[in-house]
*Asks:* 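Sharing a structure here in structure tokens format.
FYI, side chains are in, hydrogens and waters are out, and symmetry mates aren't considered; it's all heavy atoms of this structure. Everything numeric in this text was worked out from a predicted model, so none of it was measured. Note on naming: letters A, B, ... go to the chains in the order of the sequence lines (proteins, then strands), and numbering restarts at 1 for each one.
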There are 2 protein chains.
Amino acid sequence: MGRRASRRVSIKDIARRAGVSHSTVSRALRGSPLVNPRTAERIRRLAARMGYVPNAAARSLVTTRTSIIGLVITTLADPFLAEIVRGVEEVALEAGYRLFLATSNADPERELAAVRALAESRVEGVIVASSRVGELYLPHLEALGVPIVLINQQREAPFIYSVAADSYQGAVLAVSYLMRLGHTRIAYIAGPPMARSNRLRWMGYQETLAAAGITPDPEWIVEGNGRPEAGEWGIQRLLEAPVRPTAVFCYNDMTAIGALRAARAVGLRVPEDLSIIGFDDILFAAYTEPPLTTIAQPKYEMGRTAMSMLLRLLQGERVSPSLQLPCRLVERASCGPPPEGSIPMVPHLLAERRLP
Amino acid sequence: MGRRASRRVSIKDIARRAGVSHSTVSRALRGSPLVNPRTAERIRRLAARMGYVPNAAARSLVTTRTSIIGLVITTLADPFLAEIVRGVEEVALEAGYRLFLATSNADPERELAAVRALAESRVEGVIVASSRVGELYLPHLEALGVPIVLINQQREAPFIYSVAADSYQGAVLAVSYLMRLGHTRIAYIAGPPMARSNRLRWMGYQETLAAAGITPDPEWIVEGNGRPEAGEWGIQRLLEAPVRPTAVFCYNDMTAIGALRAARAVGLRVPEDLSIIGFDDILFAAYTEPPLTTIAQPKYEMGRTAMSMLLRLLQGERVSPSLQLPCRLVERASCGPPPEGSIPMVPHLLAERRLP
DNA sequence: CTGAAAGCGCTAACAA
DNA sequence: TTGTTAGCGCTTTCAG
């Protein structure tokens with residue numbers, strides 16, 4: 001043991017036993033019409049009996065095709081990624097591709113190593129499902145000379161091919177939902193300032209309010225970083241505002257979770273005293289207290305779409321460089337009407353214009 | 001585009017430009033001492049300038065080594081897995097191995113496909129980090145003829161090589177902690193009946209109580225499935241018990257989350273009225289309300305250990321077939337002393353005997 | 001329909 | 001120290 005167990009059987013072995021040439025075996029095994037169906041069948045049976053397993057390396061050496069897609073992610077520990085990866089994998093498998101995992105944990109050295117590994121194994125394409133691609137990563141990846149599709153990329157610069165959830169539309173959805181509930185004093189606890197998704201959600205927030213003739217108090221917009229702490233600080237800050245908001249739109253669910261906690265800590269009931277809405281619909285959103293109403297990103301679909309896109313790129317087809325997938329509202333229990341009968345004169349018509 | 005972009009540079013190309021034979025290039029590139037240091041350096045520089053990237057397929061064809069490890073998991077969507085995978089990957093990378101992802105989503109057909117893919121790419125070893133390996137999976141995997149290491153396998157049959165968290169010890173830790181807090185009426189909401197981990201935790205629970213001279217009321221042990229519903233039913237059942245427990249040990253954190261929710265639903269305060277302890281320490285445990293006290297499995301370490309084990313197996317070393325890693329208590333806020341001054345005559349000495 | 005021969009990019013004897 | 005040669009397992013012309 002430790003060494004290769006007794007050498008694998010090759011097409012030559014089969015050829016010898018079948019009394020044919022190894023090219024015939026090769027043809028038979030791949031179902032070429034250029035073989036007598038009877039011999040083909042005989043060969044196939046023999047191969048099965050002998051436990052033949054094709055050698056991908058040998059094959060790809062001659063075909064110059066590897067059927068491998070590199071999957072780049074910063075870390076699997078991101079609960080958000082799982083569904084995306086599942087979508088990617090499903091489509092990849094259907095199309096006969098395999099996935100090579102390259103995680104970097106945001107370590108530049110490992111990024112390099114990962115890219116090198118992808119290069120050496122001659123992946124035919126790359127999917128980057130990393131929310132934050134290192135600044136250096138992309139150029140290296142591009143040097144691979146294979147098609148790349150980015151999922152939810154966070155950089156402002158529109159990259160060649162990408163699929164993303166429509167953050168803007170999602171924000172519109174969130175805010176117009178709150179308005180429909182009767183809220184007019186709506187706060188936004190923001191995400192990482194540099195993140196494209198944050199800008200878009202912010203913009204969706206602003207414009208939805210504006211469309212209803214509401215100008216949010218500047219104090220209702222607080223900075224954040226996408227983590228629970230941000231939600232906690234955010235609520236504290238909001239509490240100090242001269243006029244308190246009745247609802248909070250959070251950049252993402254993790255932020256909302258922090259907000260939920262902080263609200264409880266100061267004795268605010270959710271949703272009776274304060275409505276909180278998140279974004280992402282992470283697995284955990286269903287289990288918060290109260291269960292979190294949120295905007296779901298179509299994660300699985302995003303994975304599938306990205307991989308389909310890559311497939312078409314691989315086929316040499318032209319594809320539109322960037323796809324936006326719509327988000328959807330998941331109503332749970334963290335939102336309700338505002339506490340005191342705040343003026344329910346919300347013209348949600350305008351805001352709803354952009355919804356399906 | 002779509003086709004291979006202008007053929008990669010090979011060692012022959014470099015050889016031609018350097019005016020040496022391709023074997024010299026091969027040697028130089030791999031740092032063989034059999035080359036003139038000066039020419040070696042010159043070749044290396046040239047290679048870099050020409051953008052040379054070794055072809056893993058070609059290399060592995062001749063060396064019969066692929067440096068690929070198959071990583072089998074049912075689904076990435078299991079929040080538990082991420083840290084394990086991180087540990088695996090870290091060690092793999094350090095040792096120059098890459099990871100081939102094979103997920104099955106518990107679909108038998110895909111399992112087959114996944115194993116076939118592993119076989120064709122001639123992985124040198126396999127790590128199975130799937131909590132529930134399909135019954136059929138393992139035999140197929142074994143047929144690969146390469147070393148396999150299982151992480152937290154759930155089957156009773158002890159498999160060849162495995163690393164797991166010490167569920168028994170973890171349960172002892174949990175229950176003796178509750179006893180130290182003053183509890184004597186401790187319930188157990190179980191996990192999947194067939195799961196090995198459930199049996200072990202159950203046993204740890206029973207024996208820790210027994211060692212303190214406590215025989216749990218049979219009504220305090222309720223069946224479950226490891227999911228939040230189980231925690232909810234469990235609490236309901238427990239409420240009907242003639243004598244109510246003051247603390248609940250849950251099979252895992254997901255169960256505990258359900259228990260937390262159910263407790264709150266019936267107006268029980270945690271931990272004032274009821275203490276709840278989980279198992280696993282998933283990412284989310286820190287964000288429940290109240291934050292969940294739990295038993296942490298050394299996930300990252302388990303990943304590292306499994307991969308190290310595989311590495312040694314690959315080297316032909318003998319390794320002990322099954323390793324147990326100790327769990328540790330993470331105190332957060334879901335446990336406290338029992339409500340009424342329940343008799344604090346807990347002889348925790350016995351129980352503590354097995355702790356570090 | 002089948003076989004012979006070449007060659008994918010690389011490593012590893014064996015000579016020089 | 002270097003070059004020549006063979007061959008890993010497979011696919012793919014090109015001739016039969």
*Asks:* Are the charged groups of B/Arg304 and B/Glu89 less than 4.0 angstrom apart, N to O?
*Replies:* no
*Asks:* Kindly determine whether A/Glu120 and A/Arg116 satisfy salt bridge (Lys or Arg N to Asp or Glu O under 4.0 Å), including the steps that lead there.
*Replies:* CA-CA 6 Å; A/Glu120 294 188 1; A/Arg116 193 172 326 119; 5.3 Å; no
*Asks:* Could you check how far CZ of A/Arg122 sits from P of C/dG9, rounded to whole Å?
*Replies:* 9 Å
*Asks:* Return the minimal non-hydrogen interatomic distance between B/Pro54 and A/Arg122, and the atom names on each side.
*Replies:* O-NH1, 3.2 Å
*Asks:* I'd like to check the side chain to side chain contact (heavy atoms under 4.5 Å, CB included) partners of A/Ala143; sequence neighbours left out, ordered by chain and number.
*Replies:* none
*Asks:* Angle between the two end axes of the helix from C/dC1-D/dG16 to C/dA16-D/dT1, five base pairs per end, rounded to 10 degrees?
*Replies:* 40°
*Asks:* So, is the end of the B/Arg98 side chain (NZ or CZ) under 6.0 Å from the ring centre of A/Phe100 and within 45° of the ring's axis?
*Replies:* no
*Asks:* Of all of residues 19-34 of chain B, which get a heavy atom below 4.0 angstrom from DNA chain C, listed by number?
*Replies:* B/His22, B/Ser23, B/Ser26, B/Arg27, B/Arg30
*Asks:* Go through DNA chain D in 5' to 3' direction and return only the first and the last nucleotide with some atom under 4.0 Å of chain B's heavy atoms.
*Replies:* D/dT1 to D/dG9
*Asks:* Rounded to the nearest angstrom, tell me the gap between atom NZ in B/Lys12 and atom C1' in C/dC8.
*Replies:* 8 Å
*Asks:* Quick one: does A/Asn55's side chain get under 4.5 Å of A/Arg8's, heavy atoms only?
*Replies:* no
*Asks:* Drop me the distance from A/Lys299's NZ to A/Ile151's CD1, to the nearest 0.5 angstrom.
*Replies:* 12.5 Å
*Asks:* Could you check which residues of residues 36-58 of chain B get a heavy atom under 4.0 Å from DNA chain C? Sort them by number, please.
*Replies:* B/Tyr52, B/Pro54, B/Asn55, B/Ala58
*Asks:* Regarding B/Thr103 and A/Arg86, is there a side-chain donor-to-acceptor distance under 3.5 Å anywhere?
*Replies:* no
*Asks:* Count the heavy atoms of every other residue, nucleotide or ligand shown that sit under 6.0 Å from CZ of B/Arg44, and state whether that count exceeds 12.
*Replies:* yes
*Asks:* Determine which pairs satisfy salt bridge (charged side-chain N to carboxylate O under 4.0 Å, His left out) with at least one residue from residues 305-317 of chain A, sequence neighbours left out, and list them in order.
*Replies:* A/Arg312-A/Glu317
*Asks:* With rounding to the nearest 0.5 angstrom, report the CD1 to CG distance, A/Ile69 to A/Leu101.
*Replies:* 13.5 Å
*Asks:* Taking atom P of C/dG7 as reference, at what distance in whole Å does atom CD1 of B/Ile11 sit?
*Replies:* 16 Å
*Asks:* Hey, mind stepping through B/Ser26 and B/Ser23 against side-chain hydrogen bond (donor to acceptor under 3.5 Å, both in side chains) and telling me if it holds?
*Replies:* CA-CA 5 Å; B/Ser26 170; B/Ser23 10; over 6 Å; no
*Asks:* To the nearest 0.5 Å, tell me how far B/Tyr161 OH sits from B/Leu150 CG.
*Replies:* 12.5 Å
